[in-house]
Amino acid sequence: MSDKPKYGFETRSVHAGAAPDPTTGARAVPIYQTTAYVFDDADHAASLFNLQTYGYIYSRLTNPTVAALEERVASLEGGRGATGCASGHAAQMLAFFALMEPGDEFLAARQLYGGSINQFGRTFAKFGWTVHFVDVDDPENFRRAMTPKCKAIFVESLANPGGVVTDLEAISAIAREAGIPLIVDNTLATPYLCQPFRWGADIIVHSTTKFLSGHGNSMGGMMVDSGRFDWTKSGRYPSLSEPEPAYHGLRFHETFGDLALTVHGHALGLRDLGAAMAPLNAFLTLTGSETLALRMERHVANAQKVAAFLEAHPRVSWVSYAGLKSSPYHALAAKYLPRGAGSVFTFGVKGGYDAGVKVVESCELFSHLANLGDTRSLIIHPASTTHRQLSNEQRTAAGAGADVVRLSIGIESVDDIVADLDQALAKSAAAA
Ligand SMILES: *Cc1c(COP(=O)(O)O)cnc(C)c1O
């Protein structure tokens with residue numbers, strides 16, 4: 001991580017993990033659409049199962065197409081290794097699965113993707129894991145909420161849907177003092193806009209479903225390890241530091257050093273939780289990632305123009321985009337997101353819930369759907385969709401109140417994007 005990579009970001013986006021196929025010369029990474037791999041002989045099989053030889057056994061554990069994507073995302077983040085999986089939520093599951101025992105606790109920003117609030121608050125509770133949500137705007141809240149049983153802090157670098165920029169350096173200092181890792185969901189920023197490992201993060205998770213694949217055509221997730229956290233030091237991460245009974249007594253940290261979490265993610269996480277990434281999705285995501293820098297440049301340029309247009313619009317009561325001077329996150333964005341504040345943000349429509357729904361329904365170019373980070377411009381009304389299952393207080397805390405409309409600005413001609421919103425706002429005004 002401290003070593004400066006040999007190649008620039010754009011070069012690594014195209015080439016990392018993707019050498020020509022040694023048998024056929026194929027230049028694009030082949031889609032290894034196979035469930036299993038032939039062993040040379042019984043000894044070879046035994047050493048693969050013992051994790052003594054690197055190779056492939058079964059695609060629930062590892063797959064060459066997925067491995068190429070893992071290497072690429074690890075390189076883009078400046079990490080030591082990565083574990084690809086079926087979705088962003090699977091990546092979160094893999095990370096916590098390695099760190100937590102029943103009865104353990106962790107801290108998370110309460111400004112998170114709605115699905116993460118459900119996963120942490122409800123489903124993780126079934127494993128005996130307790131989350132304490134805190135307001136991320138004051139990093140000291142993490143220090144105040146810390147308990148001896150806390151095993152990790154989880155935040156988003158750029159939080160959906162409120163346009164929140166997280167003070168990663170301050171929060172990573174608190175995690176370090178407590179001797180626990182900082183996990184950063186870097187989905188909305190992508191490594192092009194923000195590099196959490198530079199600011200002290202230990203683990204990065206991604207929903208590659210979003211900007212990394214970028215075309216709205218494939219689900220995927222990635223857990224990236226910086227390789228810097230010493231899992232053995234405190235004895236509080238037994239699955240990584242002690243003999244692991246689920247893998248015939250293997251000690252992951254002693255055996256694999258700075259690759260411990262990455263190997264654990266495959267050998268235990270994917271083996272037993274089963275959320276493997278499909279090779280076709282890895283291929284589509286590899287293809288998408290080649291243009292990440294180009295797409296993100298256009299995404300942020302378009303978002304900046306759309307946000308300025310909305311801020312000046314009489315039917316709009318507020319715009320929450322960290323790229324605007326009016327945003328309380330503008331200074332944090334200048335530090336952590338110097339190339340732009342992403343392309344997902346929210347605004348408030350005058351007239352509340354009904355006006356918000358009317359704007360969404362009146363758009364013609366924007367697609368009304370529950371995704372983001374697509375080449376296409378997307379729109380949704382969180383209160384009636386993604387954040388529907390949360391309580392009113394949780395919705396407001398997450399920046400998803402009744403009047404809130406969320407946009408994910410695509411890479412179309414910006415004048416067309418602006419014109420579509422303009423006519424939709426006019427229709428919502430006429431209906432009011
Ligand atoms: C979409 C998303 C997730 C969940 O990812 P899936 O691929 O849908 O499982 C997690 N975090 C953020 C910030 C997201 O946008």
Side-chain angles (χ1 to χ4, degrees), residues 66 69 73 77 82-97 108-124 131 133 136 154-166 168 183-194 196 201 203-224 269-270 273-278 280-282 284-285 288-289 296 299 303 322 336-337 341-346 369-374 378-380 382 385-387 389-390 398-400 406-410:
V66 177
L69 180 63
V73 178
E77 289 289 12
T83 309
C85 50
S87 68
H89 273 2
Q92 293 169 192
M93 182 69 218
L94 285 182
F96 283 103
F97 176 67
R110 70 167 200 225
Q111 295 90 336
L112 290 184
Y113 176 72
S116 300
I117 294 177
N118 288 330
Q119 186 191 40
F120 294 173
R122 306 271 174 219
T123 297
F124 279 8
V131 60
F133 289 113
V136 77
F154 184 99
V155 299
E156 291 179 16
S157 47
L158 177 62
N160 163 31
V164 174
V165 182
T166 299
L168 296 177
I183 308 172
V184 176
D185 181 340
N186 202 29
T187 298
L188 286 197
T190 81
Y192 182 73
L193 298 178
C194 179
I203 300 168
I204 294 173
V205 292
H206 274 286
S207 168
T208 65
T209 312
K210 315 291 170 54
F211 292 102
L212 273 176
S213 67
H215 297 73
N217 59 18
S218 42
M219 299 295 299
M222 199 61 73
M223 171 177 73
V224 190
L270 290 176
L273 300 171
M277 180 184 266
L280 177 60
N281 286 356
L284 292 168
T285 306
S289 68
M296 293 314 291
H299 275 297
Y336 293 107
L337 303 156
S343 89
V344 177
F345 63 93
T346 50
L369 52 75
N371 188 26
L372 43 88
D374 193 324
L378 315 175
I379 190 166
I380 201 162
T385 54
T386 50
H387 286 61
Q389 277 142 35
L390 304 181
R406 185 187 81 194
L407 303 177
S408 175
I409 301 299

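For the numbers below, each heavy atom of this structure counts, side chains included, while hydrogens, waters and symmetry mates do not. Order of listing sets the numbers, starting from 1, for every ligand and every atom in it.
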Relative to the heavy atoms of [X], which atoms of ligand 1 are at a distance of less than 4.0 Å?
| X | answer |
| --- | --- |
| S87 | 7 (O), 9 (O) |
| Q92 | 10 (C), 11 (N) |
| E156 | 13 (C) |
| M219 | 7 (O), 8 (O) |

task: Provide the closest heavy-atom pair for A370 versus I380 in the form atom of the first, atom of the second, distance.
output: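 For A370 versus I380, the nearest heavy atoms are CA-CD1, 3.6 Å.
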Ignoring hydrogens and angles, tell me if any N or O in the side chain of [X] forms a donor-acceptor pair with the backbone of [Y] under 3.5 Å.
| X | Y | value |
| --- | --- | --- |
| S87 | G220 | no |
| N281 | S218 | no |
| T166 | E156 | yes |

To check your reading of the model: name the closest protein heavy atom to [atom], its residue, and the distance in Å.
| atom | result |
| --- | --- |
| atom 15 (O) of ligand 1 | K210 NZ, 2.7 Å |
| atom 6 (P) of ligand 1 | G88 N, 3.3 Å |
| atom 12 (C) of ligand 1 | D185 OD2, 3.4 Å |

task: Please find out if less than 6.0 Å separates the ring center of F211 from that of Y192.
output: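 Distance test on ring centres: not under 6.0 Å, no.
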query: Hey, looking at atom 7 (O) of ligand 1, which of T209, T187, L372 has the closest heavy atom?
result: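 Closest candidate by heavy-atom distance is T209.
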task: Go through the steps to decide whether L212 and M222 satisfy the test side chain to side chain contact (heavy atoms under 4.5 Å, CB included), and finish with yes or no.
output: CA-CA 10 Å; L212 273 176; M222 199 61 73; 5.7 Å; no
